[in-house]
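Everything on this sheet refers to the single structure shown next.
Both backbone and side-chain heavy atoms feed into the values below; hydrogens, waters and symmetry mates do not. In this chain, residues are counted from 1 in sequence order.
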Amino acid sequence: MSTWLSVVSLIFGSFALISSELLPMAMLTPMTAYLGVSEGAVGQAVPLTALLPYIQR
């Protein structure tokens with residue numbers, strides 16, 4: 001039972017990490033409209049979200 005619990009927690013952790021890194025790419029166009037800035041400026045949010053897990057190590 002505990003082995004499967006570990007596997008399931010790894011699955012959910014991986015899903016959350018990958019989703020949080022890919023979400024800004026899917027939200028670029030709505031974010032530009034909401035913030036009123038260019039796509040390039042909002043696109044700088046993508047590397048920032050990718051760096052956060054690295055910094056938290």
Side-chain angles (χ1 to χ4, degrees):
M1 174 77 177
S2 67
T3 303
W4 285 109
L5 185 59
S6 301
V7 171
V8 170
S9 69
L10 271 172
I11 290 170
F12 283 123
S14 298
F15 176 77
L17 184 65
I18 297 300
S19 295
S20 67
E21 288 184 9
L22 296 179
L23 183 64
M25 287 185 278
M27 298 295 294
L28 281 179
T29 305
M31 285 172 65
T32 58
Y34 180 75
L35 296 173
V37 295
S38 69
E39 287 184 3
V42 175
Q44 293 175 357
V46 175
L48 290 176
T49 57
L51 286 175
L52 287 177
Y54 178 74
I55 293 170
Q56 292 177 354
R57 283 189 196 184

Report all side-chain donor-acceptor pairs from residues 22-29 shorter than 3.5 Å, counting only partners two or more places apart or in another chain.
none

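Through direct or indirect side-chain contacts shorter than 4.5 Å among Ile, Leu, Val, Met, Phe, Trp and Tyr, Val8 is connected to Phe12. Its side chain within the 4.5 Å cluster rule, Trp4 clusters with Val7, Ile11 among the Ile, Leu, Val, Met, Phe, Trp and Tyr residues.
From Leu10, atom CG reaches atom CG of Leu17 across 11.5 Å, with rounding to the nearest 0.5 Å.
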